[in-house]
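Single-structure report; data block below.
To find a chain, count down the sequence lines: A is the first, B the second, and so on, and within it residues start at 1.
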There are 2 protein chains.
Amino acid sequence: MSFAETFKALSDPARRKILLMLREGKLSAGEIGSHFDMTGATVSYHLSVLKKADLVYETKQKNFVFYELNTSVFEEIMLWFAQFKGEKSDETE
Amino acid sequence: MSFAETFKALSDPARRKILLMLREGKLSAGEIGSHFDMTGATVSYHLSVLKKADLVYETKQKNFVFYELNTSVFEEIMLWFAQFKGEKSDETE
DNA sequence: TAACTATTTAGATTATTTTCTAAATAGCTG
DNA sequence: CAGCTATTTAGAAAATAATCTAAATAGTTA
């Protein structure tokens, strides 16, 4: 995973909204798209960005493509942020 | 603070590098710029993006402008990510 | 297999972002 | 105040990203 790709993926509001939607479980591309005012092609583009960033993965059932959160990458991002937590040499409290 | 702005700010590698540099303490715009192969004007642009996202703040001393991490925003981002932690109804372990 | 449904890919267009050069601002120092 | 040093702002050019329409793929079902 590259942080560049991950943060790029997170930098778009539509993509963040998709991630939030997926918290409740997997959704098909069509179900995801129905919440947006953009074409299916554009939604598909955003899903591919999330997929390349490993933030989601897909599974196929019948002629549907389901998307699901890949929580392990979230853990890694949390670790990146943890780098910024605390310990400046002369912390007051 | 808006997550849109924050994630946008984090999506650029130069800006992430700046943040990492600032972990050790405040640095002037010039010191920051010396680590990059870009003009001072471009560095200044990146600093302004980080500043608008509240990821850093500036203080002035003599004719220097010092930049410093604003750790409180990092806490808020961690909270955003925490939304994705755990509890899918049927968690196994 | 033909028509249908769901989704993706291609290619073009538009919008946004990054970067540069040149000029402007601002504080300092002789 | 004149000339420095440090940094920012303006404006333009180049690069990247988001979006659309139209066409392609793929699986489904009558």
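- Between Tyr67(B) and the phosphate of dA6(D), there is no side-chain N or O to OP1/OP2 separation shorter than 4.0 Å.
- Legend: residues meeting side-chain hydrogen bond (donor to acceptor under 3.5 Å, both in side chains) with Asp12(B), ordered by chain and number and at least two apart, are absent.
- Distance CD (Glu5(B)) to P (dT16(C)): 15 Å, rounded to an integer number of Å.
- When the salt bridge (charged side-chain N to carboxylate O under 4.0 Å, His left out) test is applied to Lys51(B), the partners found at least two apart in sequence or on another chain are Glu58(B).
- The distance from atom CD of Glu58(B) to atom C1' of dT7(D) is 10 Å, rounded to the nearest whole Å.
- Computed from coordinates, the Leu47(A) CG to dT8(C) C1' distance equals 10 Å when rounded to whole Å.
- For the residue pair Ser72(A) and Glu75(A), no side-chain donor N or O sits within less than 3.5 Å of a side-chain acceptor on the partner.
- The distance between atom CG of Leu27(B) and atom P of dA6(D), rounded to the nearest whole Å, is 15 Å.
- Considering only side-chain N and O atoms, Ser28(B) lies under 4.0 angstrom from the phosphate OP1 or OP2 of dT7(D).
- Rounded to whole Å, the distance from NZ on Lys60(B) to P on dC28(C) is 12 Å.
- With sequence neighbours left out, the ring-ring contact (aromatic ring centres under 6.0 Å, His included) criterion links Phe7(B) to Trp80(B), Phe81(B).
- Within the structure, side-chain hydrogen bond (donor to acceptor under 3.5 Å, both in side chains) pairs that include any residue of residues 34-46 of chain B comprise Arg15(B)-His46(B), Thr39(B)-Thr42(B) (at least two apart or interchain).
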Q: Starting at the 5' end of nucleotides 16-30 of chain D, put B wherever the base has a protein heavy atom under 4.0 Å, S where only the sugar-phosphate does, and a dash everywhere else.
A: -SBBBBB----BSS-

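- Hydrophobic side-chain contacts under 4.5 Å tie Phe64(B) into a cluster, directly or through other members, with Phe66(B).
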